[in-house]
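For reference, the structure discussed in these notes is given below.
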Amino acid sequence: MSKLKDELVERFKELTELAVLDEGDPQSFRVRAYENATYAISGLTGDIAQMSEKELVKVPGIGPSTAKKIREYVETGRISKLEALRKKYPPEFVALTRIPGLGPKKVLLLRDALGIRNLDDLKAALEKQEIRHVKGMGEKTEENIRQALLRLGTTHKERRSPIAEVLPVARRLVAALQGHEKVREVLYCGSLRRFRETIGDVDIVAASEAPREVMAEFVGLPEVKAVLAHGDTKSSVLVGGDLQVDLRVVPPRSFGAAVLYFTGSKAHNVKLRARAQQRGWTLNEYALTRIETGRVIAARSEEAIYRKLGMPWIPPPMREDTGEIEAAESTAGLPEVVRVEDLKGDLSLQGDGLSREALEALVTAAKARGLSYAALLTSEGSDGVATLRRAAASLPLVRWIGAEVEVGDGGEIPAEAGRGADFVVARITHRPLEPDRQTQRLVRAIADPRVRIVSHLCARRIGESEALAFDVPSVLDALEEHRVALAVSGELSALDAPPEIVRAAMERRIRVVLASEAATPDALERLEYASLCAQRGWCLRDRVLNTESVRSVSRWLSP
DNA sequence: TGTAGTCG
DNA sequence: GCAGGAGG
DNA sequence: CCTCCTGCAGCGACTACA
């Protein structure tokens with residue numbers, strides 16, 4: 001977005017980190033105020049450089065002090081408070097707090113007692129076994145730091161893993177816990193349940209009356225590489241490629257409250273708690289409770305808690321405090337976002353290279369999932385179309401053969417593309433271009449009259465390659481004008497078009513297609529992922545082409 | 001056993 | 001450090 | 001309008017030290 005804004009957000013993040021050290025407490029009010037200010041700045045729209053101190057102070061979360069700092073940065077390119085703190089706490093010293101288990105207090109203690117100012121000092125102190133002699137630390141602390149350093153690099157605090165890596169692991173762990181006889185219910189929560197594209201750690205919540213046994217089972221699972229903490233109701237472990245997984249076990253009557261609490265987001269929870277407080281209630285991970293009597297109002301299910309707070313259940317992907325709570329309590333209610341059950345067909349099955357048997361297995365599985373129509377795609381030109389048409393003859397569900405074509409550097413689509421096919425899907429591939437050229441490329445491809453669907457609009461690979469940079473409004477305008485549908489791929493390393501773009505598309509009359517791009521029966525589950533991703537973008541059900549009847553899909557594909 | 005630090 | 005209320 | 005004052009969510013779980 002705006003470069004100035006990004007810079008300010010960076011500066012304030014650093015300010016927050018340094019304030020934690022300066023205050024010696026991550027919970028101090030000043031630290032929290034900086035955090036809020038950072039969030040407030042990241043939500044600013046418009047030209048920040050043009051805003052006066054007065055205007056800035058009006059923004060919730062920005063007070064006189066932050067406003068001054070913003071103006072100072074705009075005018076001089078620096079923030080004196082930040083410079084002062086940097087001097088006091090050099091970057092290499094601050095870096096020490098990123099070691100798991102080392103917070104502000106211990107880091108400062110190490111500096112004052114042993115003069116440790118950077119990683120090398122710390123390593124040297126470990127060598128000499130000096131740390132165990134510091135008052136307040138012991139052999140155990142020393143050993144923990146040693147272990148943390150060994151893991152550093154792979155598991156430093158900020159590392160987030162692509163959802164494609166995390167989801168299968170989480171599903172296996174949940175399945176393993178589900179199999180335990182003392183487990184009543186179990187669900188992964190956190191950013192994974194909200195379907196964010198990168199995941200910091202996995203939070204699993206289980207309901208059981210025998211927490212200790214469940215915990216023992218959990219930390220003993222074969223995938224567990226290291227146990228970071230192991231208590232009666234809460235444990236943390238590392239699995240596979242150094243992914244941290246936390247398990248909380250709660251009594252079954254609190255399952256809904258726990259799942260709500262641990263699903264977040266934090267900002268969503270804060271708003272919910274405020275709504276509870278207005279009613280004289282309090283909301284925590286155990287229950288929604290009336291404060292004066294201590295009576296539980298709701299706890300067992302999320303749905304009940306939302307209902308008591310005057311809201312319908314909110315799909316987890318929407319719980320990011322981007323207006324969902326206000327919408328949920330409005331008379332109009334939450335928008336009706338698409339759910340996987342709404343889907344009637346799949347327009348993205350990958351037919352290339354599949355035998356008749358494989359095709360049959362694919363469409364049979366699609367039918368078993370309740371789908372009633374499908375399109376098979378080929379990227380092998382008119383020969384591919386002909387082959388696929390023959391192979392798919394008389395198979396159930398298959399209504400169309402589509403040609404998937406790659407878009408060239410200039411947005412061109414080969415002259416012969418789509419010959420013999422029922423429609424064309426333009427698949428965007430990764431080409432590094434200047435934003436203006438990229439925009440032209442996409443708009444030109446969308447404007448080609450053969451193209452009915454555009455897929456992988458941003459050509460991104462989560463955790464590998466960035467989304468293409470282009471002017472989003474122009475491209476969305478083109479989609480609307482030429483009546484081309486926007487695909488949302490459920491392929492976990494793509495999830496493309498991303499939610500921000502889907503949400504912007506909802507402001508226009510743009511249709512969406514949820515796409516599994518499946519070549520095998522198992523891969524059809526990506527329809528679920530596509531719908532969760534679409535929910536993050538507030539994708540309305542009645543904008544999704546493949547929730548509609550064969551007739552209306554046909555009309556869209558061949559206008 | 002009480003307390004402090006860290007994490008969530 | 002911010003927000004909101006009280007009091008001037 | 002300004003200044004001054006007060007509250008800011010709140011806590012649990014776990015670990016290590018004394």
Side-chain angles (χ1 to χ4, degrees), chain A residues 12 15-16 18-41 54 56-70 79 81 96-110 131-145 147-148 155 157 189-191 200-205 211-212 215 219 227-237 244-250 254 257-258 261-267 269-278 281-289 291:
Chain A
F12 272 80
L15 203 49
T16 309
L18 291 168
V20 170
L21 274 174
D22 207 42
E23 307 269 318
D25 175 14
Q27 297 298 315
S28 96
F29 296 122
R30 184 177 280 105
V31 170
R32 290 220 299 253
Y34 283 151
E35 265 171 4
N36 290 337
T38 310
Y39 185 72
I41 293 168
K54 245 188 190 159
L56 286 166
V57 169
K58 285 195 202 134
V59 180
I62 297 178
S65 174
T66 300
K68 274 211 173 57
K69 290 187 177 74
I70 293 175
I79 299 173
K81 170 102 184 189
L96 294 177
T97 65
R98 286 191 261 274
I99 297 165
L102 283 188
K105 296 277 170 58
K106 283 188 185 162
V107 165
L108 288 168
L109 184 60
L110 286 172
I131 291 173
R132 60 182 66 182
H133 299 119
V134 177
K135 190 171 166 67
M137 305 200 175
E139 278 187 49
K140 191 79 193 194
T141 306
E142 196 176 275
E143 186 52 29
N144 285 346
I145 295 173
Q147 292 303 319
T155 48
K157 284 177 190 174
C189 299
S191 54
D201 53 22
V202 177
D203 297 295
I204 300 178
V205 175
R212 202 169 302 192
M215 276 308 171
V219 300
V227 180
L228 302 175
H230 178 190
D232 277 1
T233 64
K234 177 181 164 181
S235 292
S236 296
V237 301
Q244 182 171 335
V245 182
D246 299 337
L247 174 66
R248 303 282 301 227
V249 183
V250 299
S254 292
Y261 184 87
F262 290 109
T263 296
S265 66
K266 193 173 166 189
N269 286 354
V270 166
K271 283 246 169 91
L272 286 185
R273 281 198 300 267
R275 299 304 189 270
Q277 230 146 29
Q278 287 166 7
W281 304 336
T282 164
L283 177 63
N284 59 24
E285 68 255 60
Y286 300 108
L288 178 66
T289 315
I291 291 173

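Not measured: the values here are computed from a predicted model. Proteins get letters first, then strands, A, B, ... in listed order; numbering begins at 1 in each.
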_Using a heavy-atom cut-off of 4.0 Å across all strands, would you classify Phe262(A) as base, sugar-phosphate, or nothing?_
nothing
*asked:* Counting the atoms with a prime plus P, OP1 and OP2 as sugar-phosphate, which does Asp232(A) contact under 4.0 Å by heavy atoms, base, sugar-phosphate, or nothing?
replied: sugar-phosphate
*asked:* Need one value for Ser28(A): base, sugar-phosphate or nothing, where a base atom within 4.0 Å counts as base even if backbone is also close, heavy atoms only.
replied: nothing
*Quick one: does Tyr261(A) reach the base of dG10(D) with a side-chain donor-acceptor pair under 3.5 Å?*
yes
*Touch check for Glu143(A), heavy atoms < 4.0 angstrom, all strands: base, sugar-phosphate only, or nothing?*
nothing
*N or O in side chain of Arg30(A) less than 4.0 angstrom from dC8(D) OP1/OP2*: no
*Side-chain touch Ile204(A)/Val245(A), heavy atoms, less than 4.5 angstrom*: yes
_First and last nucleotide of DNA chain C, 5' to 3', lying under 4.0 Å from heavy atoms of chain A_ = dG1(C) to dA3(C)
*Arg248(A) has a side chain; which of dG10(D), dA13(D), dC14(D) sits nearest to it?*
dA13(D)
*Report the nucleotide, chosen from dC8(D), dA9(D), dC14(D), that has the shortest atom-to-atom distance to any side-chain atom of Ala229(A).*
dC14(D)
*Of the listed nucleotides dA13(D), dG5(B), dA9(D), the one nearest the side chain of Lys105(A)*: dG5(B)
*Say you pick atom C1' in dC2(C) and the same atom in dA9(D); how far apart are they, in whole Å?*
16 Å
*Please measure how far the P atom in dG7(D) lies from the corresponding atom in dC11(D), and state the result in whole Å.*
15 Å
*With sequence neighbours excluded, what pairs up with Asp25(A) under the salt bridge (Lys or Arg N to Asp or Glu O under 4.0 Å) test?*
none
*Report yes if at least one side-chain N or O of Thr141(A) is closer than 4.0 Å to OP1 or OP2 of dC17(D); otherwise report no.*
yes
*List in chain and number order the residues that pass side-chain hydrogen bond (donor to acceptor under 3.5 Å, both in side chains) with Glu142(A), two or more places apart in sequence or in another chain; answer none if no residue qualifies.*
Arg132(A), Arg146(A)
_Selection from dA16(D), dT6(B), dT15(D) that lies nearest to any side-chain heavy atom of Lys106(A)_ = dT6(B)
*Taking only the side-chain nitrogens and oxygens of Asn144(A), find out if one of them lies under 4.0 Å from OP1 or OP2 of dA16(D).*
yes
*Hey, does Lys81(A) reach any base, or is it just sugar-phosphate, or nothing, if we go heavy atoms under 4.0 Å?*
sugar-phosphate
*Separation of Lys234(A) atom NZ from dT15(D) atom P, in whole Å?*
10 Å
_By the 4.0 Å heavy-atom rule, please label Pro104(A) as base, sugar-phosphate, or nothing._
sugar-phosphate
*Taking only the side-chain heavy atoms of Lys140(A) (C-beta and beyond), determine which of dA18(D), dG8(B), dC17(D) contains the nearest atom.*
dC17(D)
